[in-house]
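Read the numbers this way: they start at 1 and go in the same order the structure lists the ligands and their atoms. We number each residue from 1, following the sequence as shown.
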Amino acid sequence: MSKERILLIEDEADILSMVRLRLESRGFDVLTAETGEIGLNLISEHQPDLILLDLMLPGMSGLEVLKRIRANRNIAKIPILIVSALGEESDVVIGLELGADDYLSKPFNMSILVARVNALLRRSRPEGVEESEEAEESEDFLTIGKIRIDMERYLVFVDDKQVALTATEYRLLFSLATSKGRVLTRNQLIDEAIGNDAIVTDRTIDVHLTSLRSKLGSAREMIETVRGVGYRFRY
Ligand code: CA
């Protein structure tokens, strides 16, 4: 496989050079841009495999860059990892809803950054390329770790024992389990699991999730709370 290319859009020179060094040492081809405008030009020119996008940029904001990427059919599918400063959770939520794949808060640990980058790249590689063995899909069943979902009959099993879920809990579990580790915000879960027209608060989602988790028993830790943002399914 040829080198995978990562574009960093970040205006802080120190962070830019640290991240660049670390990713290059891991065998990635790294491009950098200090503004969103330059970043967008590089994307069309070089088609990176992944974009690391700082939200707080001079000029065009990170969220605007994200919007433009997702609106351009030629580049819309490129995985995007957004990077936010502490206390910008509301921007992170907007970013995820605009289609970012994952996020990191500053200051971040370099090993975690590399792990997130690798996880996103693994997900976006074409079928058959280093496919993970953890998630096994047949036509009717989805098996992840201890959890098996019978999609034909809407049944869920943990360690081969059936778990009785409500329809909403089933849809929440299904949305999370098929999101391949990406963080889903509460709004996204409401849309997917409950429906736009229902009057639901964030708190309602939390109540359903708490109940779902307790029913999952030993598999409960597979649903992770991402503070201030939403939930993620851990593989
Ligand atoms: Ca910044």
- Message: If the threshold is 4.0 Å, N to carboxylate O, is there a salt bridge linking Asp29 and Arg5?
- Response: yes
- Please identify each residue that fulfils side-chain hydrogen bond (donor to acceptor under 3.5 Å, both in side chains) with Lys146, with sequence neighbours left out. Ser218
- Message: Against Ile43, only a single residue in Asn74, Ile38, Ile51, Leu31 fulfils side-chain contact (heavy atoms from CB on, under 4.5 Å); can you say which?
- Response: Ile51
- Message: Is it true that Tyr103 and Asp91 share a donor-acceptor pair across their side chains at a distance under 3.5 Å?
- Response: no
- Sub-3.0 Å protein N, O or S atoms surrounding the Ca ion (ligand 1): Asp11 OD1, Asp54 OD2, Met56 O
- Sequence neighbours excluded, which residues qualify as side-chain hydrogen bond (donor to acceptor under 3.5 Å, both in side chains) partners of Asp49? none
Side chains of residues 19-27: which donor-acceptor pairs under 3.5 Å do they make with residues two or more places apart or in other chains?
unit_1: Arg20; atom_1: NH1; unit_2: Glu24; atom_2: OE2; d: 3.1
unit_1: Arg20; atom_1: NH2; unit_2: Thr32; atom_2: OG1; d: 3.4
unit_1: Ser25; atom_1: OG; unit_2: Arg22; atom_2: O; d: 2.8

